[in-house]
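Chain A is the first sequence line, chain B the second, and so forth, proteins listed ahead of strands; every chain is numbered from 1. The figures that follow rest on heavy atoms only: side chains count, while hydrogens, waters and symmetry mates do not.
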Protein chains: 2
Amino acid sequence: MKNKVKEILKEAKLKVTPARVALLGIFSAKCQPMSADNVIAKLKRTKIDNVTVYRTLASLEKANIIQRVDLRKESVYFELSNHHHHHFVCTSCGVVEKLPKCNVGQIISKSLKQSKRFSIVRSHSFELFGLCKTCA
Amino acid sequence: MKNKVKEILKEAKLKVTPARVALLGIFSAKCQPMSADNVIAKLKRTKIDNVTVYRTLASLEKANIIQRVDLRKESVYFELSNHHHHHFVCTSCGVVEKLPKCNVGQIISKSLKQSKRFSIVRSHSFELFGLCKTCA
DNA sequence: AATCTAATTGCAAGTAGATTGCACTTGTAA
DNA sequence: TTACAAGTGCAATCTACTTGCAATTAGATT
């Protein structure tokens, strides 16, 4: 698993540093969106600084290894790009459920064709906000 | 126009206050997503406080008169709920283009049916992030 | 293996968007 | 007209995140 992580980093031409290996390990283990705070909590026992977490998230995002997820929560969330999917978010209790799979490919390519000013789509958001059965 | 705004507020059982009237006027005039900062700038010459802008945005959002738009910018954006549509965002220069219309209704109702834990969808996000022709 | 260098990191301080406490004001229902 | 819950302004505060800078390190080069 660690080797796989190293492969990913090398392929992206990023230096293989402890922080990056640790973060990718965390993201691979938890298959759900994580905020900087979530990551920091998991790293409590290590000596990796909070600032490094932010910077590492930024470099992994830039390399397209992780992607931003907009959950309308207090902070930004990320997930592995190769685990890409969308979410239901309960605006009352905050619980998050994954949607089975990403179905918006066709809509995106159609939108791109119709667009006058845009030429490349790199990522997209598609999240549902409402109430879970418990809160409803 | 002002009367229409008052109607909207009364229907939502919100008090008709100068701040709310002013904000709704601004949102009705500009048919594009606006951040708290954008609104504050437009209100420079009035005596409406920044804090009031934030609180007013919150009350209008709660009443579902305006909706949040996640543009991955420095701050939160809002637009009138009855002007609901989605956007292209250039991650390089920040330019925003509206998508012609919202096409995800079917996907949403299908997702809701398949969901185990969710019963109500109140709003959704669907935005595309990439490069405009100038930046590409 | 030793060396070099740009990239990465930790620490402290700083920013900016947004929130809160509290006293004062105002919209509106009775 | 009055009463009072709701809304507002100001100052202070919070929190997620960023920046500057000196020290360290990954990994390419010799």
Side-chain angles (χ1 to χ4, degrees), chain A residues 2-3 5-26 33-63 65-66 68-78 91 94, chain B residues 2-3 5-26 33-63 65-66 68-78 91 94:
Chain A
K2 276 217 168 141
N3 286 328
V5 163
K6 287 182 185 178
E7 285 302 312
I8 292 170
L9 289 172
K10 279 180 183 166
E11 189 147 352
K13 298 191 175 167
L14 292 178
K15 282 187 182 176
V16 179
T17 67
R20 286 178 183 154
V21 173
L23 263 80
L24 278 188
I26 289 171
M34 307 250 293
S35 65
D37 254 21
N38 295 157
V39 173
I40 287 168
K42 298 248 170 207
L43 292 175
K44 266 276 151 47
R45 321 197 105 210
T46 75
K47 55 191 317 208
I48 296 172
D49 192 79
N50 296 6
V51 176
T52 302
V53 172
Y54 284 108
R55 289 198 268 228
T56 304
L57 288 171
S59 68
L60 295 176
E61 186 191 15
K62 195 172 173 194
I65 295 169
I66 60 175
R68 203 168 276 251
V69 189
D70 305 305
L71 300 181
R72 296 187 187 170
K73 300 216 179 188
E74 64 294 345
S75 62
V76 178
Y77 282 68
F78 295 91
T91 53
Chain B
K2 276 216 169 143
N3 285 328
V5 163
K6 287 183 186 178
E7 284 304 311
I8 292 169
L9 289 172
K10 279 180 182 166
E11 189 147 351
K13 298 191 176 166
L14 292 178
K15 283 188 183 174
V16 179
T17 67
R20 286 178 183 155
V21 172
L23 263 80
L24 278 189
I26 290 170
M34 308 250 292
S35 66
D37 254 21
N38 294 157
V39 173
I40 287 168
K42 298 249 170 206
L43 292 175
K44 265 277 152 46
R45 321 197 105 210
T46 75
K47 54 190 322 206
I48 296 171
D49 192 78
N50 296 6
V51 176
T52 302
V53 171
Y54 284 108
R55 290 198 267 227
T56 303
L57 288 171
S59 67
L60 295 177
E61 185 191 15
K62 196 173 173 193
I65 296 169
I66 61 174
R68 205 168 275 252
V69 189
D70 305 305
L71 299 181
R72 296 186 187 171
K73 299 216 178 187
E74 63 294 347
S75 61
V76 179
Y77 282 69
F78 294 92
T91 53

Subject >> Closest listed nucleotide, where the reference is the side chain of Ser75(A) and the choices are dC17(D), dT8(C), dG17(C) >> reply: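 From the listed options, dC17(D) comes nearest.
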Length of the [atom1]-[atom2] vector between [X] and [N], whole Å:
X	N	atom1	atom2	value
Lys73(A)	dT19(C)	NZ	C1'	19 Å
Asn38(A)	dA16(D)	CG	C1'	13 Å
Lys13(A)	dG27(D)	NZ	P	14 Å
Leu23(A)	dT9(C)	CG	P	10 Å
Asp49(A)	dA23(D)	CG	P	17 Å
Lys47(A)	dT8(C)	NZ	C1'	14 Å
Glu74(B)	dA16(D)	CD	C1'	14 Å
Lys6(B)	dG27(C)	NZ	P	10 Å

Original post:
Taking Lys73(B) for the side chain and Gly94(B) for the main chain, is one N or O donor matched with an acceptor at less than 3.5 Å?
Top reply: yes
**OP:** Keeping the roles fixed (side chain from Arg20(A), backbone from Lys15(A)), state whether a donor-acceptor pair exists under 3.5 Å.
**Re:**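 Pair found, side chain donor or acceptor close to backbone of Lys15(A).
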Measure the spacing between [atom1] of [X] and [atom2] of [Y] and express it to the nearest 0.5 Å.
X	Y	atom1	atom2	result
Leu23(A)	Lys42(A)	CG	NZ	12.0 Å
Ile65(A)	Phe78(A)	CD1	CZ	12.5 Å
Ile40(B)	Ile48(B)	CD1	CD1	11.0 Å
Leu24(A)	Ile66(A)	CG	CD1	7.5 Å

**OP:** Answer yes or no: are there more than 12 heavy-atom neighbours, outside Glu11(B) itself, under 6.0 Å from its atom CD?
**Re:** no
Subject >> Five-pair end axes of the helix from dA1(C)-dT30(D) to dA30(C)-dT1(D), angle between them (10°) >> reply: 40°
Original post:
Of Ser35(B) and Lys15(B), whose nearest nucleotide on DNA chain C comes first from the 5' end?
Top reply: Ser35(B)
**OP:** Verify the contact: side-chain N or O of Thr17(A) to OP1 or OP2 of dT9(C), cut-off strictly under 4.0 Å; return yes or no.
**Re:**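 True: Thr17(A) side-chain N/O within range (under 4.0 Å) of dT9(C) OP1/OP2.
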**OP:** Walk me through it: do Thr91(B) and Arg72(B) pass the test side chain to side chain contact (heavy atoms under 4.5 Å, CB included)?
**Re:** CA-CA 9 Å; Thr91(B) 53; Arg72(B) 296 186 187 171; over 6 Å; no
**OP:** Go through residues 50-62 of chain A and report each residue with a non-hydrogen atom lying under 4.0 Å from DNA chain D, sorted by number.
**Re:**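 Close to the strand are Val51(A), Tyr54(A), Arg55(A).
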Original post:
Hey, are the side chains of Leu43(A) and Ile26(A) touching, using non-hydrogen atoms and a 4.5 Å cut-off?
Top reply: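 Yes, close enough: below the 4.5 Å cut-off.
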